[in-house]
Each structure stands twice: as C-alpha cells, then as structure tokens.
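Here it is: the structure, laid out below.
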Amino acid sequence: MLVANIWIEHPILKIDKTFSYLADGFILSKGIRVKVSFNKQTLIGFVDEVVDSHLTLDQFEKVNGFCLKPIVEVIDEKTLITDELYDLGKWMAHHTISPHIACYQTMLPAKLNIRSSSKKIKYEEYAHYIHDNVNMTIKQKAALTSLKTKDVLLAKLRKEHGYGVVKALLDKECISIYQIEARYKPRLNDELSEHQVLTADQKNAYDQINDSEKDIILLHGATGSGKTEIYLHLAQDAIDLGKQVLILVPEIALTPQMVERVSSRFGDQVAIYHSALNDQEKYEQFKRVEEQNVAVVVGTRSAAFMPFKRLGLIVMDEEHDHSYKQDRKPCYHCRDVVIKRAQYHRCKVVLGSATPSLESYARALKGVYQLVELPKRINDQALPKCHVIDIRPYLKQGIKTILTPPIQSAIKDRLALQQQVILLLNRRGYTPIQQCLDCDHVMTCPDCDVAMNYHKDIDHLVCHTCGKMIRADHVCPICGGRQWLSMGYGTQKLEEELYRTYKGVRVLRMDADTTSYKHAHKRILDDFGAHKADILVGTQMIAKGLDYPLVTLVGVLSADATLARDDFRAVETTFDLIVQASGRSGRGIDVGEVMIQAFDPNHYAIKAASNHDYKRFYAHEMQYRHAGGYPPYTFLISIIFSANNLDILNKAVYDLADQIKVDRSLKVLGPSPLYKIFKRQRLRLVIKGKDLGSMIVSVKNYIDHFIDINHNIDVLIDVDPSRLD
Ligand code: ADP
Ligand code: ZN
C-alpha cells in the first residue's frame with residue numbers, strides 16, 4: 001500500500017512533523033495539496049513524500065499503534081514546488097528554526113497555499129472560429145470574421161457583437177468555447193529603449209564581475225555610479241544564453257525607476273512580483289515564470305521563491321536594506337535564500353549597494369565574495385557637498401522650529417532657482433509625544449506600552465505599533481487632567497511649517513499615512529518628478545533609489561534620531577540612511593548639496609556619512625562590533641517569548657535561561673523585557689556564539705521541549721536578527 005506523509009497546519013499543533021495517510025488510488029507527488037481528516041475535522045495538508053509500504057493496513061496498525069486513514073481528496077493536479085524548491089523549504093526550516101509548513105506557506109502564493117483550497121484558480125473563456133455557415137445575418141458574419149485571425153475573450157465578443165449574436169453562432173456550431181487559466185499581464189512600457197554604452201569605469205566593473213571566479217559579487221558603488229546600468233547589461237547576457245534573471249529590490253513602490261528601466265529594456269518578457277499584487281495576480285506571475293514566459297523578474301523579497309527553471313543571474317540591489325529580512329515566522333533573509341538558489345542554478349549573485357551591510361563587506365574583504373568597486377558617480381559628476389549643522393546652539397537661543405536658520409535659507413535659495421528639495425524626517429504624524437500638563441504623564445498606548453502620536457488631520461492619537469486610536473481630547477489616565485503638551489516633530493507638522501514659512505510653496509508628503517491607498521506612492525513620485533511640487537517631505541521611504549535631476553538640496557532633519565535605538569545595528573542604520581538620502585541630491589546638471597542636522601554632529605557615523613566615506617565608517621564600526629562581540633564577529637539568535645500573563649511568562653523563560661546557562665557551549669543574554677505589544681507581554685533571550693550550525697541545533701532542541709510544556713507562550717525565533725530593539 002502507499003503511505004503519504006503529510007504536513008498539516010493546525011492552530012494547536014506546534015510540533016513540526018508529518019502525519020501518515022493511506023494514499024492508495026491517488027496520484028500524488030511532493031508538494032501536492034490534499035484534504036485529510038484530522039481530529040474529526042477536514043484539514044488541508046501538503047504531501048511531503050509517498051512511500052510504498054510492504055505492510056498491510058492491519059499490520060501497520062499493529063506496528064504504529066494507530067489506524068491509517070485514507071486521504072479525503074486531492075486538490076492539485078500539479079504542484080509549483082520543484083525539487084529545488086522542496087529542498088529549499090527543508091533548508092529554510094532548518095536554518096530559520098521554523099516549522100516546515102510555515103516555510104512552504106511563505107514560499108507559495110496564497111492561491112496554492114496549504115490553508116486556502118477554497119480560492120479557485122481563475123479561468124478565462126475564449127471563443128474559437130470553426131467554420132462559416134450560409135445562413136448568417138450580417139451581424140453574425142461580422143462577429144465570426146473577427147474570430148478568423150485570432151481567438152477572442154468570450155466576454156469581449158459578447159460585449160462587441162451582442163449576446164444573441166454569439167449565442168446564434170454557438171447554436172450553429174460556427175464557433176466553440178474553451179477555457180484557459182487567466183494570465184496576468186502587467187501594463188509595462190510599450191516603447192523599448194536601447195542599452196546605454198557603458199562608461200570606462202562601468203565596463204571595468206562589468207568585466208571584473210564576468211571574469212570573477214567567485215559566484216557572489218559585492219558591487220560597492222556610490223549612489224548614481226551607474227550600478228543599475230551594469231545590472232541591465234549582465235541581465236541581457238544571461239537572457240541571450242536563454243536564461244532567466246531575478247532582480248530584487250527592497251520595495252517596488254519606492255523603486256519605480258528600477259521597474260521602468262528594466263521594462264523599457266526587456267518589454268513584455270518582464271514580470272513584476274511584490275506583496276501589493278492580489279492573490280490572483282501573484283499566482284499568474286508564478287505560472288508565467290514556471291512556463292518560462294518570463295525572462296526577467298523584478299521583485300521584492302518573496303520573488304526569491306519563484307519557480308525558475310534556468311536562472312542565469314540574480315541581482316540584489318540595495319543589499320543592506322532591512323526589508324530583505326522577514327520579521328515574522330519564518331524569519332529568513334532573502335540574501336541567504338538567493339545565494340542558496342544561485343548555488344543550485346550555478347549562476348552569479350550580484351549584491352549591489354552604496355552602503356553594503358557590514359557582514360557582506362567583511363566577507364568581501366576576506367575574499368569570500370568578490371569585491372568590485374565603483375567609487376565615482378557617472379561621468380565624474382560630483383557627489384553632493386555635505387554640511388553638518390549642530391542643532392544645540394539654536395535650541396539654546398530659543399529657536400523652536402525644526403528648520404535651523406541655515407537650512408531655512410538654503411531652501412529659500414533653491415525655491416528661487418526653481419530647483420527641488422527633499423527633506424527627510426523619520427517620524428510620521430504631527431507630534432510624537434503628548435504629555436499631561438498637570439502630572440507630566442506621557443500618553444502611551446494601553447495595549448502596547450509605546451508613546452502615542454498625535455495626528456492632526458484626524459485629530460486623534462495613534463499607536464504606530466498596533467494602530468489603536470484615541471480621541472485627542474482624552475482625559476489623563478493618571479490624574480484626570482485634560483490639558484496636553486504636544487512635543488516633537490512629525491512629517492505633518494513639518495509640512496505645515498513649510499507652508500507657513502514659504503509663501504506659495506508646493507509640498508508633497510510621503511509617509512505611511514499618505515501612501516495607504518493603491519498606487520499612492522506612484523502618484524506622489526510622478527507628481528514630484530513632473531515638478532508639480534517644490535519640496536518632498538517624507539520618512540525613510542524617500543531615501544531609496546529616487547533619481548530626480550532637479551533635486552539639488554537634501555535635508556536630513558534629525559540625523560541622529562535613530563542612534564538612540566537600543567540596537568547593535570542602530571549606528572549602521574543611521575549611516576546608511578544619511579548616505580542614501582544624500583544620494584538623492586545633485587543627480588542632474590547642477591551640483592547637489594546636503595544639510596544634515598544633528599544633536600551630536602561629531603558622531604563618527606554622521607561625520608563619515610557627510611564625507612561619503614564608507615571605508616572609514618566600516619573600520620570604526622567594526623572596532624565597536626569586535627569589542628562588544630557583535631556580528632559579524634559572532635552570530636546571534638534572538639528568541640522572543642510572548643504571553644498574556646507576565647508571571648507565567650517570567651517563570652517559564654527564566655527557567656529556560658537557567659537551563660541553557662548550565663550548558664557551557666552557549667552564551668545567553670537576558671531574559672530582557674521588551675515593551676508589550678497588542679496586549680502581549682514579551683521577554684527576549686539572545687544566544688551568542690561563533691558556530692551558527694551548532695547554535696541552531698541546540699536552540700531547536702531547547703525550544704522544541706519548551707513548546708511541548710508551555711502551550712500558552714508564543715515563541716518567535718530569529719536566527720541572525722537584522723535588529724534587536
Ligand atoms: P546607481 O544604480 O548606481 O544609482 P544608475 O544606474 O541609476 O546609478 O545611474 C545614474 C544615472 O546615470 C542614471 O540617470 C542613468 O540613466 C545614468 N547612466 C548610467 N549609466 C550610464 C551610461 N553608461 N551612459 C549614460 N548615462 C548613464
Ligand atoms: Zn498599540
């Protein structure tokens with residue numbers, strides 16, 4: 001008999017194991033979804049393997065102690081999980097210490113997911129010409145003629161020629177109808193453009209990449225040094241060999257120019273894949289890739305799992321970006337996934353950035369990756385000139401505005417010259433802190449223990465963690481007072497201040513509040529690109545990839561705000577953000593300028609960023625990482641435990657920490673309390689070590705046991721966390 005081992009997702013089942021079912025009479029292979037009965041419910045599962053057992057049903061029951069139940073129903077005829085992806089799922093489950101089912105769910109588009117059989121695959125009906133008939137009306141003839149050269153969507157035919165006409169043609173058997181699965185076709189550039197001729201510097205970098213014996217290349221190139229053009233040339237080479245290309249970007253909405261450039265070169269051979277597509281669109285993009293109707297995929301993190309058959313190149317642009325790391329289960333890093341895929345396909349991976357992650361740069365210096373450098377902007381265009389402005393003297397003078405006098409006058413000058421300005425303020429809302437005038441209590445979210453932000457447009461306080469809203473005229477929960485002092489600056493207040501300061505100025509704001517509807521990013525960026533606004537204000541969203549030639553001033557208004565975060569990567573993140581934001585300035589004919597406002601202008605991250613000096617920053621930061629024993633000198637595994645009851649949580653996690661501490665092979669930090677979110681209390685343990693492989697094995701053992709006995713505690717494991725705050 002045939003026995004299928006099946007992964008099942010069940011809310012109370014935290015154990016990572018398969019269950020066996022009788023598969024006789026079904027055609028199954030790994031990755032196919034099936035319905036099975038489990039605890040009197042019908043659940044959806046996912047075939048891991050089918051084994052031919054020499055036992056009979058009775059013998060099986062005797063040996064295993066339970067009776068093998070038959071599979072209820074098979075959902076898919078075929079699976080999109082190739083052998084490669086199947087193995088990748090196993091690898092990912094091990095390396096991220098996550099249940100297999102969570103990995104396969106992450107890899108597959110929702111339509112094919114293990115939870116969602118009800119979501120049907122969408123079909124489209126087409127009309128097909130069979131033959132003429134002598135007894136036809138003029139209208140029927142016209143409709144039939146339109147089908148002679150190509151099949152037409154039935155709905156379209158009915159709309160153009162009338163329902164009755166189509167019915168008559170069907171009755172006369174002049175046409176037939178067939179169904180095919182719908183295929184998403186993105187509306188991309190119709191006009192194709194030629195590749196640009198590489199400059200000498202670009203050609204040199206391109207040759208180094210091609211000649212390298214190493215498969216992973218770190219392309220460290222300044223902002224505007226022409227990295228993208230190199231990617232496009234490499235992509236063309238791969239396509240010429242009949243291979244597929246994957247180009248990863250941190251966020252599609254924030255990198256419209258990348259999508260535009262790729263599609264203007266490769267036309268309808270391009271697929272775009274990102275989280276804002278709906279389920280049907282995602283599924284169809286998957287199918288297009290699988291059917292090899294696509295040569296280039298431009299996508300975000302999740303595009304790393306598409307069913308490529310012949311990958312010839314993977315590009316990961318802005319490789320340092322944190323959005324490449326998933327912060328929910330399974331906490332995988334896209335870089336690790338694509339490197340694994342490249343090994344399978346024997347293709348090159350190009351990691352590109354102006355501010356590489358310290359890990360990648362360290363690997364490049366060690367010779368694990370090939371380092372290719374492109375230090376200058378294209379055609380010797382100057383990098384923008386940076387000025388660091390100390391905020392403190394102005395505060396002492398009693399100046400309350402966030403725009404210090406030097407930046408105010410610089411903005412005025414640009415406006416007079418009809419040039420554009422980008423201002424980065426990494427906090428949305430109107431003011432971030434509301435303090436009670438009577439008792440000094442700072443208003444926090446009742447569910448999350450974080451300060452609530454005032455949003456003037458809706459006149460409410462908003463929790464940026466859980467979205468909870470409270471009326472602005474609320475009563476102080478401590479003293480009953482009703483008067484509040486609003487402190488700090490968010491993007492809304494900045495926008496208001498710009499309108500007040502510069503008469504007739506046109507301002508666009510880009511943050512999570514203005515970009516919540518579909519195509520919002522594109523509309524804002526298109527308007528800014530068409531010079532319908534003078535100033536673009538925004539959070540870190542505006543620091544990525546934008547290339548607008550009229551922008552000659554970038555202001556980083558609160559450069560050291562991110563330094564305060566309690567996280568070993570806070571300094572690196574600050575440096576990246578300043579360099580990336582600066583990179584938006586002076587990309588046209590006029591020389592660019594950058595003004596960086598800070599409370600600590602002498603901080604090495606700010607100094608190095610203002611000098612565009614990555615190497616200096618790297619050297620300095622690596623000393624700190626070495627002294628503190630942080631990555632890339634060590635590996636970390638973060639484990640966050642959460643529960644409603646703090647006493648139960650404390651007891652369980654302290655017990656676990658004590659157990660692990662006895663085990664001399666692992667170094668444990670914590671438990672440290674994290675602020676509560678969504679009413680859940682949280683504690684974290686951090687495991688530190690030099691040998692990630694053995695750390696993973698040990699942590700998995702401890703946590704499997706922990707989960708077994710602590711049903712009310714959720715555990716989120718993050719191997720190699722991208723941040724720890
Ligand atoms: P990066 O990706 O490093 O930020 P880009 O590839 O976007 O740099 O190049 C910066 C600018 O220079 C773009 O406007 C691009 O069109 C232009 N550019 C890049 N390469 C060339 C080239 N070989 N010839 C002419 N213009 C180029
Ligand atoms: Zn909240």
Side-chain angles (χ1 to χ4, degrees), residues 193-207 209 218-236 247-250 254-262 264-265 298 315-321 350-356 372-384 429 432 434 442-453 455 460-470 477 529 543-551 579-589 592 612 614 642 674-682:
S193 58
E194 298 282 309
H195 293 299
Q196 277 163 322
V197 179
L198 296 181
T199 63
D201 284 350
Q202 282 173 319
K203 176 79 172 55
N204 186 11
Y206 167 87
D207 287 341
I209 294 171
L218 177 64
L219 178 58
H220 178 209
T223 52
S225 57
K227 295 185 289 296
T228 309
E229 197 59 43
I230 297 176
Y231 305 152
L232 297 174
H233 279 251
L234 294 167
Q236 184 68 60
I247 300 179
L248 291 157
V249 293
L254 302 179
T255 45
Q257 288 165 333
M258 173 68 96
V259 174
E260 235 171 80
R261 274 167 83 179
V262 177
S264 76
R265 301 293 167 82
V298 183
V315 171
M316 190 169 184
D317 194 30
E318 312 292 1
E319 70 91 35
H320 62 279
D321 199 286
V350 178
L351 307 171
S353 177
T355 53
V372 176
E373 296 181 298
L374 210 54
K376 286 193 270 177
R377 274 189 169 178
I378 201 91
N379 295 328
D380 286 330
Q381 186 186 53
L383 278 162
Q434 325 304 314
V442 171
M443 191 60 195
T444 54
C445 171
D447 296 344
C448 300
D449 282 350
V450 294
M452 293 200 84
N453 294 259
H455 284 236
H460 271 73
L461 303 187
V462 181
C463 168
H464 287 179
T465 300
C466 74
K468 195 180 187 82
M469 294 208 264
I470 296 179
K544 302 185 186 181
L546 305 181
D547 184 1
Y548 296 113
L550 283 180
V551 175
V579 173
Q580 296 290 344
S582 311
R584 309 306 119 218
S585 185
R587 295 178 67 122
I589 303 159
H612 312 285
Y614 177 83
S642 60
L674 299 179
Y675 61 82
K676 161 180 96 176
I677 59 173
F678 290 99
K679 294 189 179 159
R680 307 272 295 169
Q681 306 286 348
R682 300 184 304 154

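Read the numbers this way: they start at 1 and go in the same order the structure lists the ligands and their atoms.
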Could you tell me which atoms of ligand 1, counted from 1 in the order shown, lie closer than 4.0 angstrom to a heavy atom of E229? 6 (O), 20 (N)
Pick from Q580, H612, H220, E319: which one makes a side chain to side chain donor-acceptor pair (under 3.5 Å) with T355? Q580
Distance filter under 4.0 Å to R587 heavy atoms, resulting ligand 1 atoms: 4 (O), 7 (O), 10 (C)
Give me the residue, atom name and distance of the protein heavy atom closest to atom 2 (O) of ligand 1. T228 OG1, 2.6 Å
Is it true that some N/O/S atom of H464, main chain or side chain, lies under 2.8 Å from the Zn ion (ligand 2)? no
Identify the closest protein heavy atom to atom 4 (O) of ligand 1: which residue and atom is it, and at what distance? G224 N, 2.9 Å
Going by the atom numbers of ligand 1, which of them fall below 4.0 Å from some non-hydrogen atom of A222? 3 (O)
How wide is the angle at the Zn ion (ligand 2) spanned by C445 SG and C448 SG, rounded to 10 degrees? 110°
If the contact criterion is a heavy-atom separation under 4.0 Å, does G221 count as touching ligand 1? no
Is it the case that the side chain of E229 and the backbone of Q196 share a donor-acceptor pair, with hydrogens and angles ignored and the cut-off at 3.5 Å? yes
Can you name the closest pair of heavy atoms from F678 and C448 and give their distance? N-SG, 3.4 Å
Pick one: which of E194, H195, E260 meets side chain to side chain donor-acceptor pair (under 3.5 Å) with R265? H195
Heavy-atom side-chain contact between V551 and L546 under 4.5 Å: no
Check V259 against V298 and note the closest heavy-atom contact, atom names and distance. CG2-CG1, 4.3 Å
Please confirm whether I378 comes within less than 3.5 Å of ligand 1 when only nitrogen or oxygen atoms on both sides are compared. no
Under a 3.5 Å distance rule, please check whether Q381 uses its side chain to pair with a backbone N or O of I378 as donor and acceptor. no
Looking only at heavy atoms, the pair that brings I209 and V372 closest together is CG1-CG2, 4.1 Å
Atom 18 (N) of ligand 1 sits nearest the protein heavy atom Q196 OE1, 3.8 Å
Ring of Y675, cation from R682 - is the NZ or CZ under 6.0 Å from the centre and inside 45° of the axis? yes
Tell me which protein heavy atom sits closest to atom 8 (O) of ligand 1, plus the residue, atom name and distance to 0.1 Å. G226 N, 3.0 Å
Min over L198, T223, D547 of heavy-atom distance to atom 14 (O) of ligand 1 lands on D547
Nearest neighbour in protein (non-hydrogen) for atom 20 (N) of ligand 1: Q202 NE2, 2.9 Å
I'd like to know if K227 pairs up with E318 as an ion pair, taking the criterion as any Lys NZ or Arg NE/NH1/NH2 lying under 4.0 Å from an Asp or Glu carboxylate oxygen. no
Which atoms of ligand 1 have any heavy atom of V197 under 4.0 Å away? 22 (C), 23 (N), 24 (N)
For atom 7 (O) of ligand 1, which protein heavy atom lies nearest, and how many Å away is it? R261 NH1, 2.7 Å
